[in-house]
Number of protein chains: 2
Amino acid sequence: MLSDATIGRLPLYLRELQQLQRQGQTRVQSGILARRLGFTDSQVRRDLSSFGSLGQRGVGYDIRGLIATIQNTLGSDRAWNVILVGVGNLGRALSGYRGFEQQGFRLVGAFDIDQSKIGMKLGQLTIQSIDAVDELIQRESVELAILSVPAAAAVQVAQKLEIAGIAGILNFAPVTVNQPRSHVTVVNVDLAVELQRLAYAVLRSKE
Amino acid sequence: MLSDATIGRLPLYLRELQQLQRQGQTRVQSGILARRLGFTDSQVRRDLSSFGSLGQRGVGYDIRGLIATIQNTLGSDRAWNVILVGVGNLGRALSGYRGFEQQGFRLVGAFDIDQSKIGMKLGQLTIQSIDAVDELIQRESVELAILSVPAAAAVQVAQKLEIAGIAGILNFAPVTVNQPRSHVTVVNVDLAVELQRLAYAVLRSKE
DNA sequence: TAGATTGTTAATCGATTAACAATC
DNA sequence: TAGATTGTTAATCGATTAACAATC
């Protein structure tokens, strides 16, 4: 019922709606959301109409209702337990990233292979050995992992997480960690890839 | 000639090809690349055929030639000067990210508003006041900026960068920084959005 | 009522895929 | 030659858009 393309945009609608709500707004129109996100108003209406009739003709959409519906769809209305695997520079930065907990993601563990890091504090958490990851995943019903280990270790660690029963991996390593017959869902964020996409777009815009 | 969808995949082909090359391979087939990236072999051939005939029927593609062609297309065969704007936790991690310079991106400046950070070292660089950004952009012909300032400051800083003549922004702030009639190209990486997309996918896979 | 904006249609546009002739 | 794999076609699938009747 919701297309893949629509789903990809839902978190962005949610973000803008929450921002409007913080600014004290209670209603919004498709054209406003479209302008803020760089979409067409047609697309916004089509996306939002996937949920049924949430708007009022001549008036617009109730922000509170929209937020509730999108959060419910995305699963952002509940808490998710998340672990961090790989406490390098990037991992450390991600562990302190405010945006995660604001959207219901709770960091409940941090893991590394490096013996010298184990036992050190990372915010409220104590960095544990990667060998202890199975136990925590089971005990805390952890469903999501943020993977920020070096590329060379990523595939192996991802396999370990899968065996331990993780359901989803946000992968920052610049390698494909999905295994062919795997049940784990993976979303990849490759920072160098994004910068290359930007460079290409800049190159083209100059022609 | 190259579709948007193809362009989005080029950096991923490049990444896998470089990895295969490091492993000593000189040739690759569409099916191999497809399996490694989770695409269909049909899609790989269609994407690569956009460049003309680079493969040999019955044999496959020459890795070196493919890399050269893709790098040339993406502009990865030349150096890009990049500045970092916003030296918080995330900015610091990004400044040390190896993947950037490996793909031809050279960090030539780091900027912040926080007076207490100005003058401090960040690797080889000295953190400068955001007020000095115009001068460096001009002097070093900086085309790309990595923007990792707090959401509340992002739009304003992005405008400043635009006026200073930056061509592209890799935006990590969870807000839309594109201005309607702007000439700046923006690629957004919203970490919370990616985690929400993952959570949604996990939710659906359990049904 | 008059003005505004949604929800939805129908057309268009773009991307993916299976299949296979071409050819190494 | 026989086997393998590309390049390309044609069909299908999915996403976007303009337009406007419905309706607040």
Side-chain angles (χ1 to χ4, degrees), chain A residues 1-13 16-17 20 25-70 73 176 178 180 197 200-201 204, chain B residues 1-13 16-17 20 25-70 73 176 178 180 197 200-201 204:
Chain A
M1 188 172 124
L2 287 166
S3 80
D4 277 358
T6 298
I7 288 155
R9 286 187 291 267
L10 287 185
L12 297 171
Y13 290 126
E16 295 303 319
L17 289 165
L20 287 165
Q25 305 290 321
T26 59
R27 274 209 292 260
V28 71
Q29 290 74 40
S30 57
I32 304 285
L33 281 172
R35 185 164 47 73
R36 292 177 68 113
L37 287 162
F39 304 157
T40 63
D41 54 341
S42 234
Q43 180 162 72
V44 172
R45 288 199 296 280
R46 170 144 278 239
D47 281 340
L48 299 184
S49 71
S50 322
F51 298 110
S53 281
L54 289 174
Q56 265 198 359
R57 291 166 201 241
V59 179
Y61 300 88
D62 174 59
I63 290 180
R64 199 145 56 105
L66 262 190
I67 289 178
T69 303
I70 296 178
T73 303
T176 311
N178 304 49
R197 286 174 180 160
Y200 176 85
R204 284 308 90 114
Chain B
M1 188 172 126
L2 287 165
S3 80
D4 278 358
T6 297
I7 288 155
R9 287 186 291 267
L10 288 184
L12 296 170
Y13 290 126
E16 295 303 319
L17 289 165
L20 287 164
Q25 306 289 322
T26 59
R27 275 208 292 258
V28 70
Q29 290 74 41
S30 57
I32 306 284
L33 282 172
R35 186 163 47 73
R36 291 175 69 111
L37 286 163
F39 304 157
T40 64
D41 55 341
S42 232
Q43 180 160 74
V44 172
R45 288 200 295 280
R46 170 142 279 238
D47 281 341
L48 299 184
S49 71
S50 322
F51 298 110
S53 280
L54 290 174
Q56 265 198 357
R57 290 166 202 242
V59 178
Y61 301 87
D62 174 59
I63 290 180
R64 200 144 58 104
L66 261 191
I67 290 178
T69 304
I70 297 178
T73 303
T176 310
N178 303 49
R197 286 175 181 158
Y200 176 85
R204 283 311 89 113

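Here is the naming used below: chain letters follow the sequence lines, and residue numbers restart at 1 for every chain.
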(message) Side chain of Arg46(A) only, heavy atoms from C-beta on: which candidate in dT9(D), dT8(C), dA15(D) is closest?
(response)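 Among the listed nucleotides, the one closest to the side chain of Arg46(A) is dT8(C).
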(request) Report the nucleotide, chosen from dG7(C), dA15(D), dA21(C), that has the shortest atom-to-atom distance to any side-chain atom of Arg57(B). (result)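 Between dG7(C), dA15(D), dA21(C), the one nearest the side chain of Arg57(B) would be dA21(C).
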Base, sugar-phosphate, or nothing: which does [X] touch, judged by heavy atoms less than 4.0 Å apart?
X	value
Leu54(A)	sugar-phosphate
Thr6(A)	nothing
Arg9(B)	sugar-phosphate

Spacing between [X] atom [atom1] and [N] atom [atom2], to the nearest angstrom:
X	N	atom1	atom2	result
Leu48(B)	dA15(C)	CG	C1'	16 Å
Asp47(A)	dT6(C)	CG	C1'	14 Å
Asp41(A)	dT16(D)	CG	P	14 Å
Asp4(B)	dG14(D)	CG	C1'	16 Å
Phe39(A)	dA15(D)	CZ	P	14 Å
Asp62(B)	dG7(D)	CG	C1'	17 Å
Gln43(B)	dA19(C)	CD	P	17 Å
Gln29(A)	dT23(D)	CD	P	20 Å

(message) Is a donor from one side chain sitting under 3.5 angstrom from an acceptor on the other, for Thr176(B) and Arg36(A)?
(response)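 Checked: Thr176(B)/Arg36(A) side chains show no N/O donor-acceptor pair below 3.5 Å.
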When you compare the side chain of [Y] with that of [X], does any pair of heavy atoms fall below 4.5 Å?
X	Y	result
Glu16(A)	Leu12(A)	no
Leu37(B)	Val44(B)	no
Leu10(B)	Asp47(B)	no
Tyr13(B)	Leu66(B)	no
Thr69(A)	Tyr61(A)	no

(request) Work out which heavy atom in Thr73(A) is nearest to a heavy atom in Leu2(A); give both atom names and the distance. (result)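 So the minimum-distance heavy-atom pair works out to CG2-CD1, 3.6 Å.
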(message) On a heavy-atom basis, which atom in Arg45(A) and which in Ser30(A) lie closest, and how many Å separate them?
(response)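 Minimum heavy-atom contact is NH1-OG, 3.1 Å.
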[X] side chain near [N] phosphate (N/O to OP1/OP2, under 4.0 Å):
X	N	answer
Arg45(B)	dT6(D)	yes
Gln56(A)	dT6(C)	no
Ser53(B)	dG7(D)	yes
Ser30(A)	dT6(C)	yes
Tyr61(A)	dG7(C)	yes
Thr40(B)	dT17(C)	yes

(request) Map every base of DNA chain D to its dot-bracket character, where paired means a Watson-Crick or G-U wobble contact with both distances under 3.5 Å and | marks a partner outside the strand. (result) ..||||||||||||||||||||||
(message) Can you work out whether Gly58(A) or Ser42(A) has the more 5'-proximal nearest nucleotide on DNA chain D?
(response)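 Looking at DNA chain D, the more 5' nearest nucleotide goes with Ser42(A).
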